[in-house]
Amino acid sequence: MPKPRVIYWFRTDLRLHDSPALKTALDLKPECLYPIWTWDPHYVYHARVGPNRWQFLLDCQNDLSESITKLNPQSKLFLIREAPQTLFPKLFKEWKITHLVFEKDTDAYGRDRDDKVKELAKEAGVEVITRPGRTLYDSDELVKANNNRPTMSISQVQHAGAKIGDIARPIPAPKSLPSPGTPTLSFNQQKPASNPDINAIQRDAEEKSYDALAGPNNDFAVPTMEELGLKPATTPHRGGETIGLKMLDEIIANEDYTATFEKPKTAPTAFEPQATTLLSPHMHFGSVSCREFYWRVQDVVSKYKGKASQPPTSLTGQLLFRDMYFGAQAALGYAFGQSYNNPQCRFIPWHLPSEIDTKSGLITGKYLVDDAKAEVFFKRWKEGRTGFPWIDALMRQLKHEGWIHHLGRHAVACFLTRGGCYVDWERGAEVFEEWLIDHEAACNIGNWQWLSCTAFFAQFYRCYSPIAFPQKWDKDGNFVRKYVPELEHFDKKYIYEPWKAPILDQKKWGCLIKGDGTDTDTDTEDGTLRTYPKPMLDFPKQRDICIQGMKNAYHVGLYGKNPKVLDGTWRKLFEDNAEGPTEGTEGPPGAMVEHEADNADADGAEDGEHAAPPSPKVEKKTPKKTTEKGKGAHKRKASQSTLDGMVTRKKKKD
DNA sequence: CAAGCGGTTGTACGC
DNA sequence: AGCGTACAACCGCTT
């Protein structure tokens, strides 16, 4: 019997240690092993990926390739620039492949892609072997053990996990690797369609991803940022298994830190060094295995003399949350990433809702500007010029470094959605997708739903203040001074609310609080004064409006799969005089989808049924008035006032 | 099965 | 200064 000729297809498992799939490939005792990466146009053109995450990916690929070569000088990571869906049939033939092995992916797109590849392999007579390895538990098994329901709480994960059994111990990295065969490519490249190219904004030069199958030097090398036409990365955080494992070693070496870590007690204002591990991008790209992380921590905890922290706040608890979000995504598929058609996601008529393709029931990537003011809020939030230094510092750190502390993510997410701007969480998730180096679709989506109180979490009256919250962590405002240098000389008394500083002091401290942040640089007579914008909204007022809106939406009680949400008749349930920016039957805001009478197919035939939403409340009772002393009587009026100047848009866009 | 409790990460205020 | 409590009120989970 001829010996196997194997392709090992690397994806988000860019490592050699603890790779169940790689071990499986090696256990085949192959005659030759081709470690490859296929250049997926989904990543190049369709997912939102900023330069910092690109850089991290290239780092991981370079490091992995070098590690492979150390084990076998004839081998490396072979990058082939074509979509896997068109490339594989040609590779199977050219290299006389018998087996294709890769790590299982439960992302919505990942499943579609892999199903297609499996089909092609079957046609070619190639055996496909996949192994779970991206999470502590196989996400599909976790869902099964959770009565076939998406995992929506940590206790569900813990119970379901206990049924499955122990989390697997990590597998050591291989000591040797078989050689690849001769990696010839005597076939034509099929260039993928680049339209639409939503990553065009990430580039400042021509994009040459697909100029040649094996790259410009015909050597299968990892591309450079320049080759991809990308703007330079600005992040100090770098990728690769070597760096990732070193970081893990350093964490584990500090036994007190490892064993007593409590996430809610780590400071979101800490920098140099940050308060958390920075391992999240390594979790995403697979440059550090989550099970390696889990067991290294667990082994320290087991022999720790003092009082160790427990899930969910402990380090291992963080990994359980990750598995929870993966489980939710595995069960819900594409619907997990949107409100529309999502049985687990509360329907809130946010501003700037996603446009829906009623044929597929999926969001299109565009959104509707139902409210001019909300659009301005969103832009200023994204660009870090809200006029709230805490929010702006975080957003600038996010854009520049690709990472912010988890609690910082809470602060900006709450501010954009239920605790300030009342903008759709999907808008915020898209910005995070673009800028985070650790962007993990499942975790990002899940956390945005959590923070916006549309799923996982419901205490919408707990609202982060952009002033009081950072005060708790950083009284002197050093974090703000670093990322909002305009304010570096401000007294700590005003660092989180600089608009309250007397004009004379503003001048003394070298920065005037004025404008909306678009008149960037210096200003005024002598040109020595910088400017920083005035706050774009009255936070206490806006918070009350948002809470009223949330309360109202909760009383209506719709979820994303409710027929009234699917067909647009949800409007009838939101009275015109409802408190908060919820809008009613007459107003255009909050439009998500046209009332096409015949869009019943949007309901889709897919799963979903095993995850019935809680039945909507039909409660009649009107929200009680806030009894907050002194304030709180302005709700109705204030709510209306925020809608002044609203742009009325009527029908669906062109 | 109704009620009560707790929920990784709120705020403002009083002692 | 640091802790406890009210605020207004959500959910899931346990008993």
Side-chain angles (χ1 to χ4, degrees), chain A residues 146-147 149-160 260-270 275-276 308-325 328 344-346 348 390 394 404-415 417-420 443 446-447 449-475 496-497 539-540 543-544 546-557 559 579-580 611-617 619 621-632 635:
Chain A
N146 191 43
N147 306 314
R149 297 175 59 91
T151 42
M152 300 305 288
S153 73
I154 273 295
S155 62
Q156 287 175 4
V157 172
Q158 287 170 317
H159 289 135
T260 64
F261 180 96
E262 290 179 77
K263 184 66 150 282
K265 292 187 182 166
T266 59
T269 50
T276 48
S309 53
Q310 294 291 315
T313 53
S314 64
L315 275 179
T316 54
Q318 308 312 302
L319 293 168
L320 292 177
F321 275 108
R322 183 171 177 270
D323 264 49
M324 175 181 82
Y325 292 133
Q344 296 291 333
C345 183
R346 268 184 191 281
I348 315 278
W390 166 236
L394 286 163
I404 54 178
H405 185 279
H406 189 64
L407 288 178
R409 301 180 196 199
H410 279 212
V412 298
C414 180
F415 185 84
T417 59
R418 67 181 168 84
C443 301
N447 277 318
Q449 292 178 1
W450 183 299
L451 261 298
S452 62
C453 290
T454 51
F456 299 103
F457 185 72
Q459 289 164 273
F460 55 76
Y461 45 87
R462 286 195 180 176
C463 188
Y464 290 89
S465 158
I467 292 124
F469 184 70
Q471 280 283 356
K472 189 166 78 187
W473 297 100
D474 183 8
K475 291 230 186 318
Y496 295 114
E497 34 191 354
F539 178 75
R543 177 193 51 209
D544 288 352
C546 287
I547 289 176
Q548 288 304 319
M550 293 299 291
K551 206 195 293 191
N552 192 27
Y554 265 67
H555 280 126
V556 172
Y559 283 75
E579 291 178 290
S615 46
K617 283 185 196 162
E619 235 171 320
K621 88 175 176 186
T622 53
K624 273 185 285 182
K625 287 195 168 184
T626 53
T627 54
E628 215 174 320
K629 24 187 154 180
K631 34 188 156 188
K635 298 151 299 177

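Chain naming here is simple, since letters A, B, ... match the order of the sequence lines and numbering starts at 1 in each. Just so it is clear, the model here is predicted, and its values are computed rather than measured.
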Which atom pair, heavy atoms only, marks the closest approach of T151(A) to D323(A)? OG1-O, 4.2 Å
Can you tell me the distance, in whole Å, between the CG atom of D544(A) and the C1' atom of dT11(B)? 12 Å
From dC11(C), dT11(B), dT8(B), pick the nucleotide closest to the side chain of F469(A)? dT11(B)
Minimum heavy-atom distance W390(A)-G408(A), with the two atoms named: CZ2-CA, 4.4 Å
What pairs of donor and acceptor atoms, side-chain ones from residues 152-159 of chain A against any protein atom, are under 3.5 angstrom apart with sequence neighbours left out?
unit_1	atom_1	unit_2	atom_2	d
S153(A)	OG	S155(A)	OG	3.2
S153(A)	OG	Q156(A)	N	3.2
Q156(A)	OE1	N146(A)	ND2	3.4
Q156(A)	OE1	M152(A)	N	2.7
H159(A)	ND1	S155(A)	O	3.0

Using the side chain to side chain donor-acceptor pair (under 3.5 Å) criterion, which residues pair with T454(A)? Sequence neighbours excluded. S452(A)
Could you state the CZ-P distance from F457(A) to dC11(C), rounded to the nearest angstrom? 12 Å
Given dT11(B), dC10(C), dT9(B), the nucleotide with the shortest approach to the side chain of A468(A): dT11(B)
Checking K265(A) now: which residues fulfil salt bridge (charged side-chain N to carboxylate O under 4.0 Å, His left out) with it, not counting sequence neighbours? E262(A)
Mind calculating the distance between CZ (R462(A)) and P (dG7(B)) to the nearest angstrom? 10 Å
With sequence neighbours left out, write down each residue that passes side chain to side chain donor-acceptor pair (under 3.5 Å) with S309(A), or none if nothing qualifies. none
Can you tell me how far C1' of dA12(B) sits from CD of Q471(A), to the nearest Å? 13 Å
Rounded to whole angstrom, note down the P distance from dG2(C) over to dT8(B). 27 Å
Using whole Å, what does the distance between atom C1' of nucleotide dT9(B) and atom CD of Q310(A) come to? 18 Å
Using a cut-off of 4.0 Å on non-hydrogen atoms, how would the nucleic acid contact of W473(A) be classed: base, sugar-phosphate, or nothing? nothing
F321(A) on top of dT8(B)'s base, within under 5.5 Å and under 30°? yes
In this structure, how many angstroms lie between the C1' atom of dA6(C) and the CD atom of Q459(A), rounded? 15 Å
Length of the NZ-P vector between K472(A) and dG2(C), whole Å: 14 Å
Pairing pattern in dot-bracket form [Watson-Crick, G-U; both distances under 3.5 Å; | = partner strand] for DNA chain B: .||||||..||||||
When the P atoms of dA1(C) and dT9(B) are compared, how many Å lie between them, rounded to an integer? 26 Å
I'd like a table of atom pairs between the protein and nucleotides 13-15 of chain C - only N or O on both sides, under 3.5 Å - with the distance next to each one.
unit_1	atom_1	unit_2	atom_2	d
dC13(C)	OP1	S153(A)	OG	2.9
dC13(C)	OP1	Q156(A)	NE2	3.1

Among all residues two or more places apart in sequence or in another chain, which pass the side chain to side chain donor-acceptor pair (under 3.5 Å) test with T276(A)? none
Within the pair R346(A) and dC11(C), is there a side-chain N or O less than 4.0 Å away from OP1 or OP2? yes
Roughly, in whole Å, what's the span from CD in E262(A) to P in dT9(B)? 12 Å
Under the side chain to side chain contact (heavy atoms under 4.5 Å, CB included) test, which residues partner N447(A), sequence neighbours left out? Y325(A), H406(A), C443(A)
Where C453(A) and Y554(A) come nearest, the two heavy atoms and their spacing: O-OH, 2.7 Å
Side-chain atoms of residues 456-469 of chain A: list all donor-acceptor pairs with protein atoms under 3.5 Å, sequence neighbours left out, distances to 0.1 Å.
unit_1	atom_1	unit_2	atom_2	d
Y464(A)	OH	H410(A)	ND1	2.9
S465(A)	OG	I467(A)	N	3.0
S465(A)	OG	A468(A)	N	2.9

